[in-house]
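Heads up: the structure comes next, in structure tokens.
Proteins come first, then strands; the chains are lettered A, B, ... in the order of their sequence lines, and each starts at number 1.
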2 protein chains.
Amino acid sequence: MSGQPSSSTVRLAAETWEALFRSQVAVMRRLQSAPAFKKMPAKEYDVLFTLSRCPSGKLRLNEINDKVLLSQSSLSRLMDRLEKRGLVARGVAPDDGRGVLLELTEAGLELQKTIGREHVRDIAELVAPALTPAEQRELLRLTEKLRASVSGH
Amino acid sequence: MSGQPSSSTVRLAAETWEALFRSQVAVMRRLQSAPAFKKMPAKEYDVLFTLSRCPSGKLRLNEINDKVLLSQSSLSRLMDRLEKRGLVARGVAPDDGRGVLLELTEAGLELQKTIGREHVRDIAELVAPALTPAEQRELLRLTEKLRASVSGH
DNA sequence: CCCAGATAGATGCATTTGCATGTATCACTG
DNA sequence: CAGTGATACATGCAAATGCATCTATCTGGG
């Protein structure tokens, strides 16, 4: 039973989100136009990246869906494309017959690393001149805290 | 003539961007599924919002394009839709015969305000519990600094 | 003034996306 | 263990998107 949120509380939250969102747009626009994404659209790379980062190397479709801003059906078809190109392999989830377990192929891992190296350089060229290391660490902490709170429930 | 960026510099920048990006995805996913966006997709609302925020009330197509993650052609057609629904009006730019000047209609402004009120509440419900006001102000400052640096050049 | 190049925006077309729905598996209840 | 509802993913189809290209206007020499 919390009270009414004050108008200034609401406004601060809205302005914060607005700034976060616009900065994301500005950075993403630059990144997407970089040569790294001539080979493959950013959304597809993002899926390869997500798989490459996962300890077990395998992820369920719905786990990936949490990390990417795509509908379930769009992600399913994106996987079709990646599978057709031989970059990922679909498997059956061991404990759930409905589930699909996705894994990078050798070729998929190679492509991820190739694009990734270039992409990371592009990121650093945008972010490093903009914020001091201490500021970057603080931004990292705050966005991670926000993400945890939001995906928490 | 700056030297080689160190590996840790590059990594910090990459991790910072990654955290910013994922937090944006998590929040946006929640916001998009809110009832506020039953009436209209988020990208279309975003354009109405951008126009409503502009002091003169009028913006060029390419100015709007800087704020939104859409290709020029997609934005042009999004405007077709909004115009067809009577929410925005296209006009000719006074000093440039090639340019198009966009303006909200009365109906467009009303719809923006209706969705906006609801949307702002949704934002506050996600952001306010996640970060203290001081943290929000700091996040606002850092993302604004990043955006300014990136769109600067 | 004219012409070459640049810029703003519109349009044809193939690809991608999301909504609604379909199918298969799971989980719970009685 | 049959039955009901929920969950995971796939698919038909209409709509949205991006790339390449087109038209029109602007800009800067000569």
Side-chain angles (χ1 to χ4, degrees), chain A residues 25 28-48 50-51 58-85 87-103 153, chain B residues 25 28-48 50-51 58-85 87-103 153:
Chain A
V25 169
M28 185 57 94
R29 183 170 275 290
R30 293 305 210 81
L31 291 174
Q32 279 186 343
S33 66
F37 291 119
K38 287 289 181 186
K39 309 175 207 289
M40 166 175 271
K43 280 172 182 172
E44 294 186 8
Y45 168 75
D46 196 20
V47 170
L48 296 190
T50 300
L51 279 168
K58 299 177 179 187
L59 283 174
R60 293 282 295 269
L61 201 55
N62 57 3
E63 293 176 306
I64 300 175
N65 216 150
D66 290 338
K67 307 219 165 203
V68 176
L69 206 53
L70 275 177
S71 70
Q72 180 269 316
S73 61
S74 297
L75 183 59
S76 178
R77 276 191 256 251
L78 190 155
M79 287 304 178
D80 289 346
R81 274 173 266 147
L82 295 182
E83 192 180 27
K84 210 157 292 174
R85 286 175 63 181
L87 301 172
V88 305
R90 272 186 169 93
V92 190
D95 56 333
D96 188 339
R98 301 164 298 179
V100 170
L101 212 52
L102 291 142
E103 188 176 14
H153 63 113
Chain B
V25 169
M28 185 58 94
R29 183 172 276 291
R30 292 306 210 81
L31 292 173
Q32 280 186 344
S33 67
F37 291 119
K38 287 287 181 189
K39 308 176 208 287
M40 166 175 271
K43 280 172 182 174
E44 293 186 7
Y45 168 74
D46 195 20
V47 169
L48 296 190
T50 300
L51 279 168
K58 300 177 179 188
L59 282 175
R60 292 282 295 269
L61 201 55
N62 57 3
E63 293 177 306
I64 299 175
N65 218 151
D66 290 339
K67 307 220 166 203
V68 176
L69 207 53
L70 275 177
S71 69
Q72 180 269 317
S73 61
S74 297
L75 183 59
S76 178
R77 276 191 258 251
L78 189 156
M79 287 304 178
D80 288 345
R81 274 174 267 147
L82 295 181
E83 192 180 26
K84 210 158 293 174
R85 285 175 63 181
L87 302 172
V88 305
R90 273 185 168 96
V92 191
D95 57 332
D96 188 339
R98 299 164 299 177
V100 169
L101 211 52
L102 290 142
E103 190 175 13
H153 60 111

Got [X] and [Y] here, is their nearest side-chain heavy-atom distance under 4.5 Å?
X        : Y         : result
Leu87(B) : Met40(B)  : yes
Arg29(A) : Leu69(B)  : yes
Asn62(B) : Leu75(B)  : no
Pro94(A) : Leu101(A) : yes
Val25(B) : Lys67(A)  : no

(Q) Under 4.0 Å, counting only non-hydrogen atoms across every strand here, what does Leu75(B) touch: a base, just sugar-phosphate, or nothing? (A) nothing

Q: Name the residue closer to the 5' end of DNA chain D, choosing between Lys38(A) and Pro41(B) according to the nucleotide with the nearest heavy atom.
A: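 Result: Pro41(B).
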
Q. Under the 3.5 angstrom rule, does the side chain of Ser76(B) hit a backbone N or O of Gln72(B) as a donor-acceptor pair?
A. no

Q: Examine distances only and state if a side-chain atom of Glu63(A) and a backbone atom of Arg60(A) form a donor-acceptor pair shorter than 3.5 Å.
A: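 At least one qualifying donor-acceptor pair exists.
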
Q. If you walk 5' to 3' along DNA chain C, what is the first nucleotide with an atom under 4.0 Å of a heavy atom in chain A, and what is the last?
A. dT16(C) to dC26(C)

Q: May I ask you to decide whether Asp80(A) forms a salt bridge with Arg90(A), counting only side-chain N to carboxylate O separations under 4.0 Å?
A: yes

(Q) Can you give me the bend angle of the helix from dC1(C)-dG30(D) to dG30(C)-dC1(D)? Use the axis through the first five pairs and the one through the last five, nearest 10 degrees. (A)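 Taking the rotation axis at each end, their angle is 30°.
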
Q) If the sugar-phosphate is the primed atoms plus P, OP1 and OP2 and the base is the rest, what is the B/S/- string for nucleotides 4-12 of chain D, using protein heavy atoms under 4.0 Å? A) ---BSBBBB

Q. Can you tell me how far the NZ atom of Lys43(B) sits from the CZ atom of Phe37(B), to the nearest 0.5 Å?
A. 12.0 Å

**Q.** Test log, rule side-chain contact (heavy atoms from CB on, under 4.5 Å), inputs Val47(B) and Met79(B)
**A.** CA-CA 9 Å; Val47(B) 169; Met79(B) 287 304 178; 3.2 Å; yes

(Q) Using whole Å, what does the distance between atom C1' of nucleotide dG18(D) and atom NZ of Lys43(A) come to? (A) 11 Å

